[in-house]
Amino acid sequence: MRATRLYAPTLRETPAEAEVKSHQLMLRAGMIRKAAGGLYTYMPLAWRSLKKIMQIIREEMDAAGGQEIAMPIVQPSEIWKETGRWSVYGDEMFRVSDRHGREFCLGPTHEEMVTTLIRDEVRSYKQLPLMLYQIQNKYRDEIRPRFGLMRGREFIMKDLYSFDKDEEGMNESYKIMYDAYTRIFSRMGLEFRPVEADNGAIGGGHSHEFTVLAEAGESNIAYCTKCDYAASDEKAELTVIKATEEAMKELDKVSTPDAHTIELVAECLHLPLDKTIKAVAFQDDKDELILAFVRGDHDVNDVKVVNLFEDSIELHMATDESIIAAGGVPGFMSPIGLKEGTKVVVDATVMEMFNACAGANEKDKHYINVNPKRDFKDVIVADIRMIKEGDACPHCGAPVKMTRGIEAGQVFTLGTKYSQSLHATFLDENGKEKPLVMGCYGIGVSRTMAAAIEQNNDENGIIWPKAIAPFEVVIVPINAKNEDQLKIAEDIYEELKAKGVDVLLDDRKDRAGVKFKDADLIGYPLRITVGPKSVEEDSIELKIRRNGEMVNATKAEVAAKAVEMLENL
RNA sequence: CGGGGCAUGGCUCAGUUUGGUAGAGCACCUGGCUUGGGACCAGGGGGUCGCAGGUUCGAAUCCUGCUGCUCCGACCA
């Protein structure tokens with residue numbers, strides 16, 4: 001490809017609408033343009049990179065036994081009504097109707113579609129296991145699309161669905177996919193971690209998010225410094241911290257005027273935070289009050305609280321009125337002395353505390369010498385705290401570190417949730433009818449590209465990992481009007497093309513500075529510069545984008561040298 | 001959903017307070033000059049100032065409504 005023919009309009013300035021690096025750089029590098037909120041056109045550079053990402057995914061999916069299909073994006077409402085998700089999905093779903101008033105949606109995912117596809121055809125265990133996948137646009141009508149391709153309303157996704165005859169088979173499929181995902185992200189040259197994730201309402205089984213590590217990420221993950229444990233902060237389990245044993249003193253009430261936050265209480269009573277008990281009041285969707293208690297220096301993990309209850313509930317912060325109605329006093333709440341029947345959840349670590357301080361359910365008063373094991377009645381004890389840096393790894397006990405990441409892929413087991421509601425059954429070895437056991441596995445293709453940029457950039461622009469770069473090499477003749485330079489550049493270009501290298505020749509008649517700036521911005525992994533020295537001294541420069549390392553080669557050896565350098569990138 | 005901000009040429013923005021024939025830089029076209037890190041000189045093209053109403057002799061500017069974009073906000077009692 002020649003730069004004079006390439007449609008990649010670069011921008012010198014950053015468009016005002018772009019907030020995160022990947023969005024800014026993709027706009028500036030001429031990769032994408034916005035059509036409407038959360039909707040983007042992929043221009044040649046972006047599409048080249050996306051095609052490479054998709055190709056890696058295809059190869060690994062096929063190698064793992066997946067078969068590619070293409071299902072409609074427009075889906076009939078009926079199948080969504082069968083599973084109940086037509087109403088559950090809510091405003092997130094793009095809905096359309098045809099001229100007859102029949103309802104459809106633009107697929108946000110394809111569990112319904114794929115399950116109804118196979119339910120009439122797969123009748124026997126002999127046809128299993130089966131893995132079907134597709135790569136196509138998905139639609140979600142996000143409340144607030146933002147961050148460019150990271151959270152768009154239309155995005156490219158690979159989704160694979162596995163069908164097995166039993167749980168054991170499903171777990172095997174899961175393992176195969178987990179390994180395939182590990183290979184995919186490794187091949188793309190990204191720093192990532194498979195983290196244990198919360199799959200809450202979707203159903204039991206396991207789930208891992210493949211998270212690309214980057215500061216701009218939306219998810220917080222905790223990872224162990226010693227073993228390979230990693231989990232999203234919502235999911236991360238925590239071990240109980242035992243306090244040093246003390247003789248239990250008698251419960252006492254003290255005055256703490258205006259100390260309505262835990263910090264003020266600790267200050268007022270000259271206590272360390274880990275000797276205090278903090279309260280958080282939630283209210284579920286039926287307005288029932290749920291009080292949660294954690295140690296003063298800890299935070300409540302509301303996902304864990306939600307998961308304690310059978311029904312899928314939604315939690316909000318409680319209003320003062322409902323706290324008062326339960327016999328509590330906002331700012332001074334305690335598990336002691338609440339109205340009977342009030343739901344109280346206490347973190348397991350709190351139960352191990354001695355002579356701690358908690359609210360007294362009375363204005364400007366706190367209890368001291370609270371001993372939960374002795375003083376708390378009718379409470380639910382569970383792990384409900386949020387992990388933080390330095391906490392012990394649940395697997396090996398070493399301290400964990402926190403980092404941010406971008407969820408690029410997720411694997412999870414579905415079990416029989418969809419096969420049951422959609423009556424997708426088969427006959428097993430004993431002639432018995434059983435629902436298919438499913439798993440589903442997604443990779444956000446366009447988001448992965450954004451994540452790659454988010455993880456690989458500097459002040460000058462993008463630094464592509466070689467495997468997914470739009471071009472592997474750019475050749476820059478300093479002065480394209482100089483025929484000698486251009487000739488050398490053209491020769492190298494042809495030679496590299498013949499060697500199968502993905503190469504761009506920047507034959508534009510612009511000044512060198514312009515071409516260098518663009519090369520850095522677009523982020524080609526390797527740059528070959530042809531200048532006066534190449535003509536006069538047969539010296540051609542090769543420069544690695546990522547670390548700025550430069551070497552010189554003669555014209556005879558430059559192509560081989562380029563290939564060698566690419567191999568080591 | 002609540003609250004702010006913005007909308008002027010392809011991009012970044014000024015002009016709006018105080019109404020009087022629309023500007024700059026970058027980008028684009030032509031010519032010249034220049035060529036190892038976003039040059040320079042000269043000339044030129046391009047905007048019904050988001051949309052719809054209203055006030056006025058006159059509206060980018062004032063008023064009303066709408067649309068789009070953008071940021072913030074659920075909270076540790």
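Just so we're on the same page: letters track the sequence lines, and every chain starts at 1. From a predicted model like this one, the values you see are computed outputs, not experimental measurements.
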Can you check the distance between [N] and [M], where both ends of the measurement are the [atom1] atom (answer in whole Å)?
N	M	atom1	value
B:G15	B:G53	P	28 Å
B:G23	B:C40	P	23 Å
B:G46	B:C29	P	16 Å
B:A22	B:U56	P	23 Å
B:G9	B:C63	P	22 Å
B:G54	B:G58	C1'	15 Å

Kindly point out which of [options] is positioned nearest to the side chain of [X]?
X	options	result
A:Ile262	B:C76, B:G38, B:A77	B:A77
A:Glu263	B:G25, B:A77, B:G37	B:A77
A:Glu13	B:G38, B:G25, B:G36	B:G25
A:Glu17	B:C76, B:U70, B:G38	B:U70
A:Ile478	B:G38, B:A77, B:U35	B:U35
A:Asp299	B:C76, B:G37, B:G25	B:C76
A:Met333	B:G38, B:A77, B:U12	B:A77
A:Ala281	B:G36, B:A39, B:A77	B:A77
A:Leu521	B:U35, B:G38, B:G36	B:G38
A:Lys34	B:A27, B:C69, B:A39	B:C69

Reckon [X] touches a base, only the sugar-phosphate, or nothing at all at heavy-atom distances under 4.0 Å?
X	value
A:Arg33	nothing
A:Ala292	nothing
A:Lys363	nothing

For this session: May I ask you to test the A:Trp464-A:Asn456 pair for a side-chain heavy-atom distance under 4.5 Å?
Result: no
For this session: Would you please say whether a donor-acceptor pair under 3.5 Å links the side chains of A:Thr4 and A:Asp507?
Result: yes
Exercise. So, A:Arg511 and A:Asn479: side-chain donor and acceptor under 3.5 Å apart, yes or no?
Worked result: no
Problem set entry | Pairwise 5' ranking along RNA chain B for A:Val329 and A:Thr529, keeping only the more 5' one | A:Thr529
Problem set entry | A:Asp520 vs A:Phe147, nearer the 5' end of RNA chain B by closest nucleotide | A:Asp520
For this session: Kindly state whether the ring of A:Tyr40 and the ring of A:His23 have centres lying under 6.0 angstrom apart.
Result: yes
